[in-house]
> 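Below: one structure in structure tokens.
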Amino acid sequence: MQSSNKSPNINPRTAAPHNPSTSASPRYAFIDFLDVGGTMTISQEIANLTEDSGQDLPEENVQIGSIQGTVVGLRYYTGKVSRGEMVSLVRQPQNPYDQNAVMVTNVYGSQVGHIKKELAAPMAYVMDNNLARVEGVVPCGETNKFSMPVNLTFWGKEENREAVHNQMRRHGFKLGTGFKGYTTQTSLGRDLLGLSSKMSAIPLTVEELKNAFDRLFDDLMEDKTREMEPAEAVCTSLLPHQKQALSWMTSRENSNDLPPFWEEKSGFYFNVLTNFAVKERPEKVLGGILADDMGLGKTLTTIALIVSNFHNGKPLPLEQCEGSSSSSRMKSTSKDHEESYEPASSSHLKRLHADEEGVPQKKAKTTMKTAKKPANTKKGVVLLDDVDFAAALECSSSQVVPAKKSAKKGSGTGKVPSGGGGGSGARATLIVCPLSVLSNWLDQFEQHIRADVTLKVYLYYGADRKRSVKLLSEQDVVLTTYNVLSSDFGNKASSPLHKVNWLRVVLDEGHVIRNPNALQSKAILELQSERRWILSGTPIQNSLKDLYMLMSFLKLKPFDVKEWWNRIIQRPVTMGDRVGLQNLQVLVKGITLRRTKNSKVAGRMLVQLPERRVFVQHVTLSEEEREEYEQVRKEGRKIVGRYFEEGTIMTNYADVLAILVRLRQYCCHPSLLGKYTGADDPGTPSELRERLINKITLVLNSGSDEECAICLDSLRQPVITYCAHVYCRPCICEVIRSEKEQARCPLCRAQIKTKELVEYPGEEMQAGAATGENWRSSSKVDALMSNLLKLRNEDPTVKSLVVSQFTRFMDLIEVPLREYGFSFTRLDGSMAQKTRAKAIQDFQDSSPGHPTIMLLSLKAGGVGLNLTAASHVFMMDPAWNPAAEDQCFDRCHRLGQSRDVVITKFIVKDSVEENMVKIQKKKQELVDKAFGVKKPQDLKQARIEEIRALMEI
DNA sequence: ACCGCCGGGTGCC
DNA sequence: ACCGCCGGGTGCC
């Protein structure tokens with residue numbers, strides 16, 4: 001991966017400046033360990049108890065002590081462990097015989113026994129009060145039917161060391177300093193009997209770790225250079241690197257290899273990391289991570305995979321319209337005579353709102369570019385490739401099934417037998433993607449699948465989506481969004497997507513499931529599928545933690561359970577353990593393919609992108625503007641200066657942001673200035689409420705990409721506290737719930753209550769800027785217009801993106817665009833999927849009469865957004881985060897771009913914008929040099945320094 | 001469990 | 001013998 005903007009959250013202890021004024025830890029243990037009700041299965045209990053209980057913070061990774069204990073009751077349980085194997089200790093407060101019970105399970109979650117009750121008593125206290133986590137390794141496996149020793153190691157915060165030791169001592173147990181060999185993981189299973197000292201001998205330095213981490217996803221293409229031609233149904237010719245990806249993906253899907261870290265040894269299957277041995281072959285992991293850089297054609301490759309590898313490298317059996325190589329048509333699912341329902345302009349892709357009877361509905365084409373060729377209405381249907389189809393059917397290529405008969409199977413594709421691929425008759429591929437790329441997928445299917453082939457693609461989206469499991473199972477492809485999936489999953493009324501046995505599930509932009517607590521992540525994990533793929537340009541965004549969910553999705557045992565991931569990979573790596581890192585590298589390498597734009601195939605560049613040049617155009621404010629700007633700046637400085645003096649900059653953070661936003665807005669256009677509400681007395685409750693709504697709106701629209709200080713993730717369901725700090729609603733509610741009446745704001749320690757949280761009312765609250773008669777221009781708008789006019793003069797076919805963080809600025813720009821007769825379109829976050837897709841399509845169409853300018857809001861659309869029709873970008877206002885700008889440029893500077901890309905950034909001279917550029921540079925240097933700091937208080941501290949620089953205080 | 005523990009049977013050497 | 005000793009029954013939490 002590119003070593004830029006990644007800031008892995010590794011060992012901040014060594015890097016983080018500590019700020020005493022904000023040292024209150026905003027991290028809370030959310031799981032009430034005693035509150036496990038009713039009858040739970042073992043796996044549920046494990047899941048609950050290992051769920052994000054904060055154990056992955058380095059501070060909590062101190063070894064507190066070790067002791068040998070006894071596992072008893074072996075004869076009552078089926079779970080087996082062997083010599084050197086890791087076990088999990090799980091509290092069982094509901095146990096009717098002993099509420100202190102601690103059960104012992106093996107890596108696969110099967111119960112092995114219990115900890116002897118005398119030891120369980122103090123352990124239960126330690127575990128329940130979260131004083132330490134306890135991990136076990138069985139030193140010699142079972143030697144008799146009744147009990148065996150277990151080496152227990154306590155891990156936790158340094159500050160809890162005393163408490164843990166005391167508690168154990170009170171019960172007559174003295175914690176020692178460790179065991180030979182089993183305190184950390186064994187080195188690839190070869191270090192079973194001590195001798196482990198050399199592993200921990202020289203921990204990796206932060207620098208080494210960072211480098212290793214950055215390179216984790218680099219060069220994952222050795223031995224992955226075999227090429228494979230796609231099935232005939234794909235009409236686009238694949239680039240060499242795409243054929244390689246297709247070959248690799250196909251082999252991953254058809255692989256009979258053991259998953260990473262499993263070995264076969266004298267009739268047993270043996271996991272070299274956990275020392276787990278089983279008789280049964282561990283389940284295959286069919287799939288992996290395609291982590292190519294954006295623009296290398298992950299979508300096309302995936303489409304090729306879908307039609308090319310049904311089973312064992314045989315293509316998906318598809319129907320072909322006779323003698324209609326170029327015309328498009330749609331075939332009904334079961335009844336040929338109903339083809340007369342077809343609208344003449346429909347495409348060959350059967351999709352959208354096909355109902356249970358297979359009658360396509362008239363409005364089937366909502367988001368699609370309609371195929372302009374006349375529909376072919378011939379009835380005859382033959383198979384694209386009878387031989388391959390027969391092979392898929394019978395697993396014996398000698399027998400050719402008559403075409404007519406096979407065509408009948410259209411409605412009963414579920415019956416297609418496994419064909420030796422180990423399949424269960426599953427046919428359909430489910431693609432889950434962010435809304436922003438939904439239409440891109442549809443376009444790409446349209447574009448890359450031969451027009452005379454019937455690929456059944458169903459868009460499972462919209463209020464009238466069909467929930468028939470049968471219908472969904474019979475598709476070739478079902479396309480849906482993370483939102484639809486999780487809302488189906490959340491509404492208890494049985495999600496049809498979770499009832500289908502998928503052949504393949506593909507997660508586009510798969511890194512979005514990185515938060516394991518999010519509903520959408522849970523929904524994803526519940527999907528049934530034979531093969532699983534993650535497509536992602538940025539498989540790791542912030543830290544190793546992100547990878548855990550990916551392993552969990554791929555069902556890569558035992559890493560799909562948090563405790564094992566933490567013990568075997570995450571903790572060793574974050575602590576600088578070389579073996580841990582090596583294991584991580586092996587793991588990633590085995591399941592990932594990643595190429596970047598700079599990767600080389602046989603010494604040649606993978607893709608040759610046109611040049612990309614960035615110009616900064618300095619804008620001078622007019623005298624009048626300058627005067628007004630200085631006015632606003634002076635006021636702002638006065639206020640912010642006062643906060644600094646009073647030391648209240650933290651509590652007034654939202655106000656400061658508001659002032660900055662005002663300045664930035666002013667640089668763009670005087671009319672953008674919103675009403676400013678100061679930090680005076682709260683006044684009446686409704687006044688306070690209004691003020692808070694104002695503040696949260698400003699914070700969220702400030703473009704500063706605020707994060708929730710609790711989950712460190714982007715804000716979801718943002719709410720603002722009375723002390724004016726913004727969090728995710730679920731996060732802050734959890735804090736309040738766990739702290740009860742004493743709940744305090746994690747950032748400023750003010751008292752908080754659930755009913756005092758104020759919601760973000762949404763975008764549409766702001767007053768519209770003056771776009772009517774009293775419209776006036778600004779220096780920046782003038783600069784833009786003169787650029788656009790000049791461009792149009794030189795080459796009227798050139799298309800441009802005009803990017804801003806302020807949608808109201810975009811409103812203002814619309815006025816002169818119209819005045820000068822520019823044809824333009826617009827894309828911002830508030831647009832519905834339909835209009836959004838239309839805007840993109842309109843803009844990408846280069847035939848005359850289509851827009852040449854797109855007004856684009858900086859963060860609209862995801863990474864997948866493809867705007868290659870544009871070759872010029874006008875960045876109207878600088879962003880806090882240079883990576884956000886880069887990502888925006890990449891929307892047109894990507895595969896498919898044929899012209900050199902010119903980027904113009906407008907920066908107002910002697911203004912907050914110039915200071916922002918300086919900060920951008922500094923940030924970039926920081927990111928390049930070492931770890932970015934991710935602790936919330938440090939983030940805030942950094943922001944305060946930024947404010948100082950921005951306001952020149 | 002080739003243990004520990006319990007409780008009934010038993011009782012000089 | 002209100003003991004000791006023996007040997008069978010028994011056994012996670």
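Chain letters run A, B, ... following the sequence lines, proteins first, then strands; residues in each count from 1.
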> Is there a donor on the side chain of A:Asp98 or the base of C:dC13 sitting less than 3.5 Å from an acceptor on the other?
no
> For A:Tyr77 and A:His114, I'd like to know if the aromatic rings sit close, meaning centre-to-centre distance below 6.0 Å.
yes
> Provide the distance between the two C1' atoms, one in B:dT10 and one in C:dC5, to the nearest whole Å.
9 Å
> May I ask you to establish whether A:Lys562 and A:Tyr548 are in a cation-pi arrangement, using a distance under 6.0 Å from NZ or CZ to the six-membered ring centre and at most 45° from the ring axis?
yes
> Pick base, sugar-phosphate or nothing for A:Ile115, based on heavy-atom distances below 4.0 Å to the nucleic acid.
sugar-phosphate
> Residues two or more places apart in sequence or in another chain: which of them pass ring pair (Phe, Tyr, Trp, His ring centres under 6.0 Å) with A:Phe276?
A:Tyr108
> Where do N or O atoms of nucleotides 1-6 of chain B meet protein N or O atoms at under 3.5 Å, pair by pair?
none

> A:Met148 has an atom CE; how far is it from atom P of C:dC12, in whole Å?
16 Å
> Between A:Trp565 and A:Phe559, how do the two ring planes meet: parallel, tilted or perpendicular, split at 30° and 60°?
perpendicular
> Using the C1' atom on both, measure B:dC6 against B:dA1 and round to a whole Å.
15 Å
> What is the distance, to the nearest angstrom, from the CG atom on A:Leu89 to the P atom on C:dC13?
15 Å
> Shortest non-hydrogen contact from A:Pro572 to A:Asn566?
CD-O, 3.5 Å
> Round to the nearest Å and state the distance from A:Lys116 atom NZ to C:dC13 atom C1'.
11 Å
> Under a 3.5 Å limit for both distances, which nucleotide forms a Watson-Crick or G-U wobble pair with C:dG9, could you say?
B:dC5
> Set out, line by line, the N/O atom pairs under 3.5 Å between protein and nucleotides 8-10 of chain C.
none

> Can you say whether a donor on the side chain of A:Tyr97 sits under 3.5 Å from an acceptor on the base of C:dC12, or the other way round?
no
> State plainly whether the residues A:Glu135 and A:Arg133 are in salt-bridge range, i.e. N to O under 4.0 Å.
yes
> Are A:Glu563 and A:Arg567 ion-paired here, with the side-chain N under 4.0 Å from a carboxylate O?
yes
> Expressed in angstrom and rounded to an integer, what is the separation of A:Tyr77 atom OH from C:dC13 atom P?
10 Å
> Locate the shortest heavy-atom distance separating A:Met123 from A:Leu89; write the atom from each residue and the value.
CE-CG, 4.1 Å
> Round to the nearest Å and state the distance from A:Asn95 atom CG to C:dC12 atom P.
12 Å
> Among A:Lys284, A:Arg531, A:Arg532, which one satisfies side chain to side chain donor-acceptor pair (under 3.5 Å) with A:Glu253?
A:Arg531
